[in-house]
**Student:** 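Can you read through this structure? Questions will come right after.
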Amino acid sequence: MSRRRPAQKQLTQPRVSGVVDQHRPARWDWAAVIAPLDRRVARGAPDTLNRATIRNLRYFWLDGLFAAISENFYLGFVALYALYYGANNAQVGWVTAVANLLGAAAFFPGARLAERTIRRKRLVLWSGGGLARVMLAALAMFPFLVSQPRLAIVAIIVFNGLRAFFSNLGNPAWTGIVADIVPQSMRGRYFSLRNIAMGVAALLVAPLAGLIIRRGNLLGAGEPVGYQLVFALAFVFGMAATASFRRLREPAVVVDESSAHHRGDLRRALRASPAFVGFVVSAFVFNLALQVAAPFLNVYVVRVLGASTSVVGILAAISSTTALFGQRLFGRLLDERGATWVLLATGFVIPILPLAYLIITAPWQVGVNNILGGFVWAGYNLANFNLLLALTPEEGRPRAVALYQTAVFSSAVLGPLLGGWLADVYGYDIIFVISGLGRWAGMLLFLWLVARRLRRAP
């Protein structure tokens, strides 16, 4: 008697907004990435989530995850790398200032390249995804070739500056791609979800990087082995991000030779977008105040409060932890109440953070300050990026983005130089005060030049 076989269970592809996803790799549970969008956002607009959009959302999410791992292996430790070789406050300021100067110099060339190419993704891949990350490998390798501390500090300044230049060269093209692949109806929750993944990476990686630096340097017998290891790991994960971005399917771009961009195009676009001009002006003031103190916070924690690199990593992890909660809350509020409301709610709290250093006397107190900092910065950055996408005029968008980024990075050139000089001459307290008051000034400008105009808009 033959035994009837049970029917085999059919393997079905998961549905997202009524669309069968035929691109889902079997080994990944992508539903964890897309489900919140499916339930809360896409249900009302299923036509926006075609197969190409879903694929792009997934690989862009992966790009952000690996990029966050890469950045948290090195970003908070570049200044400490220079400090290891005996850099003073002025030289630490130059590390940041040169990077921001070269970063600012890259935006308009990057905008022109973005306007003249129909392959924006290729531009992003060889600039920010390629040469910029090669500089991380160079930072890991130069101690094998340079032994003099003065030359080592110069090498850190140069390689970090080149990293910033190539990263920003592709930024206008990257912003244009992001505006095309992420539907506006879901930007709030999607970017909050992506940022949560990046925050989890920061939470895990920053303390690990601090531990690797401490242990590696102890085993290196006077050599910066720990720093070399974290820059090497940053390079590896950075290239994983590049590989993910490479999988994006870029929307078609048509370059019309008869409508080539002229110098007046940007001026006409800016005259028609006064809110964007106000956004640029307020961002310049806010970031100038930010950069007066920001490059020196970890230096202060190490030099004055006596913390180790492991403690610096733990303090960064505290910010990353509270940022996760901020991403969830402010991602929802952004879609419900708008990016302007979120920016105002968080931007007027942020100036308190540097002022708190006036009463901080121990590293654990920095951790308490970082609890608030991680939470409010999550909302501010999310709202700021969404406002950039919303306020940038479509006519000449790459150059408009380049203008905004140039303003931000120019302020970030002046800020560290001013902060380093003030810290060496008058001490750290003065830069904390200037930074806090300057951030409030930037927010008042935003309220006057941007928020007021947006409320009047029909």
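Nothing fancy with the numbering, it's 1 onward along the sequence. Heavy atoms only: backbone and side chains are in, while hydrogens, waters and symmetry mates are out.
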**Student:** Is a side-chain donor or acceptor of S70 paired with a backbone partner of F66 at a separation under 3.5 angstrom?
**Tutor:** no
**Student:** Checking Q91 against V154 for the side chain to side chain contact (heavy atoms under 4.5 Å, CB included) test, could you report, in this order, the C-alpha distance in whole Å, the side-chain angles of both residues, the deciding distance, and whether it holds?
**Tutor:** CA-CA 9 Å; Q91 289 170 322; V154 171; over 6 Å; no
**Student:** Would you say the side-chain atoms of S435 pair up with the backbone N or O of F432, donor to acceptor, closer than 3.5 Å?
**Tutor:** no
**Student:** For the residue pair P416 and G93, what are the closest heavy atoms and their distance?
**Tutor:** CB-O, 3.5 Å
**Student:** Is it the case that the side chain of W174 and the backbone of V124 share a donor-acceptor pair, with hydrogens and angles ignored and the cut-off at 3.5 Å?
**Tutor:** no
**Student:** Determine yes or no for a side-chain-to-main-chain donor-acceptor pair under 3.5 angstrom, with T322 supplying the side chain and S319 the backbone.
**Tutor:** yes
**Student:** Which distance, rounded to the nearest 0.5 Å, do you find between the CG of L233 and the CG of N72?
**Tutor:** 12.5 Å
**Student:** Kindly check if the number of other-residue, nucleotide or ligand heavy atoms within 6.0 Å of CD (E336) is above 12?
**Tutor:** yes
**Student:** Flag the pair V92 / N88 as yes when at least one side-chain heavy-atom distance between them is below 4.5 Å, and no otherwise.
**Tutor:** no
**Student:** When you compare the side chain of V78 with that of F231, does any pair of heavy atoms fall below 4.5 Å?
**Tutor:** yes
**Student:** Could you measure the distance from the CZ atom of F235 to the OG1 atom of T242? Nearest 0.5 Å is fine.
**Tutor:** 8.5 Å
**Student:** For residues A383 and L334, report the shortest heavy-atom separation together with the two atoms involved.
**Tutor:** CA-CD1, 3.7 Å
**Student:** Check whether any side-chain heavy atom of I318 lies under 4.5 Å from a side-chain heavy atom of V368, and answer yes or no.
**Tutor:** no
**Student:** Could you tell me which residues satisfy side chain to side chain contact (heavy atoms under 4.5 Å, CB included) with A345, sequence neighbours excluded, listed by chain and number?
**Tutor:** W341
**Student:** Do F296 and Y428 have their ring centres less than 6.0 Å from each other?
**Tutor:** no
**Student:** When you compare the side chain of V95 with that of P295, does any pair of heavy atoms fall below 4.5 Å?
**Tutor:** no
**Student:** Would Y59 and F245 count as a ring pair (Phe, Tyr, Trp, His ring centres under 6.0 Å) here? Give the steps.
**Tutor:** CA-CA 6 Å; Y59 282 111; F245 194 86; over 10 Å; no
**Student:** Side chain to side chain contact (heavy atoms under 4.5 Å, CB included) between L353 and W377: does it pass, once the steps are laid out?
**Tutor:** CA-CA 10 Å; L353 301 174; W377 270 113; 3.6 Å; yes
**Student:** For the residue pair A132 and F166, what are the closest heavy atoms and their distance?
**Tutor:** N-CB, 3.6 Å
**Student:** Apply side chain to side chain contact (heavy atoms under 4.5 Å, CB included) to residues I196 and R328 and explain how you reach the verdict.
**Tutor:** CA-CA 8 Å; I196 285 172; R328 293 291 291 178; 2.9 Å; yes
**Student:** Please identify each residue that fulfils side-chain hydrogen bond (donor to acceptor under 3.5 Å, both in side chains) with Q405, with sequence neighbours left out.
**Tutor:** N171
**Student:** State, to 0.1 Å, how close R214 and S308 come at their nearest heavy-atom pair, and which atoms those are.
**Tutor:** NH1-OG, 4.1 Å
**Student:** So which pairs with a foot in residues 158-169 pass side chain to side chain donor-acceptor pair (under 3.5 Å), sequence neighbours left out?
**Tutor:** Y74-R163, N160-R163
**Student:** Out of L445, L391, T340, which residue meets the side chain to side chain contact (heavy atoms under 4.5 Å, CB included) rule with V450?
**Tutor:** L391
**Student:** Looking only at heavy atoms, what is the nearest atom pair of G64 and M198, with distance?
**Tutor:** O-CG, 3.2 Å
**Student:** Measure the shortest side-chain to side-chain distance between F375 and T346 over non-hydrogen atoms and say whether it is less than 4.5 angstrom.
**Tutor:** no
**Student:** Quick check against the 3.5 Å criterion: does Q327 have a side-chain atom that pairs as donor or acceptor with the backbone of L324?
**Tutor:** no
**Student:** Assess the residue pair I156 and Y85 against the criterion (side chain to side chain contact (heavy atoms under 4.5 Å, CB included)); give the C-alpha distance rounded to whole Å, side-chain angles, the decisive distance to 0.1 Å, and a yes or no.
**Tutor:** CA-CA 10 Å; I156 293 170; Y85 283 103; 4.0 Å; yes
**Student:** Could you check whether any side-chain N or O of N384 sits under 3.5 Å from a backbone N or O of Y380, counting only pairs where one atom can act as donor and the other as acceptor?
**Tutor:** no
**Student:** On a heavy-atom basis, which atom in A82 and which in I153 lie closest, and how many Å separate them?
**Tutor:** O-CG1, 4.2 Å
**Student:** Answer yes or no: is there a side-chain heavy-atom contact under 4.5 Å between L131 and F165?
**Tutor:** no
**Student:** Rounded to the nearest 0.5 Å, what's the gap from CG on L136 to CG on L75? Could you check?
**Tutor:** 9.5 Å
**Student:** Side chains of K121 and L125: closer than 4.5 Å at any heavy-atom pair?
**Tutor:** yes
**Student:** Would you give the length of the straight line joining atom CG of N217 to atom CD1 of I213, rounded to the nearest 0.5 angstrom?
**Tutor:** 7.0 Å
**Student:** Check this for me: M141, atom CE, are more than 12 non-hydrogen atoms of other residues, nucleotides or ligands nearer than 6.0 Å?
**Tutor:** no
**Student:** Sub-3.5 Å donor-acceptor pair from the side chain of N298 to the main-chain atoms of A79, do we have one?
**Tutor:** no
**Student:** Using modelled atom types only, decide if a donor and an acceptor are shared between the side chain of Q291 and the backbone of N287 within a distance under 3.5 Å.
**Tutor:** no
**Student:** So, do Y84 and Y227 have ring centers that fall under 6.0 Å from each other?
**Tutor:** yes
**Student:** Is it the case that the side chain of Y300 and the backbone of A293 share a donor-acceptor pair, with hydrogens and angles ignored and the cut-off at 3.5 Å?
**Tutor:** no
**Student:** Return yes when atom CD1 of I359 has more than 12 non-hydrogen atoms of other residues, nucleotides or ligands closer than 6.0 Å, and no otherwise.
**Tutor:** no
**Student:** Could you tell me whether R303 atom CZ has more than 12 heavy atoms of other residues or ligands within 6.0 Å of it?
**Tutor:** yes
**Student:** Taking the side chain as C-beta and beyond, is there a heavy-atom pair between L83 and V302 under 4.5 Å?
**Tutor:** yes
**Student:** Any chance CZ of F385 has more than 12 other-residue heavy atoms, nucleotides or ligands included, within less than 6.0 Å?
**Tutor:** yes
**Student:** Can you tell me how far apart CG (N381) and CG (L343) are? Round to the nearest 0.5 Å.
**Tutor:** 9.5 Å
**Student:** Supply the atom-to-atom distance F142 CZ to F159 CZ, rounded to the nearest 0.5 angstrom.
**Tutor:** 7.5 Å
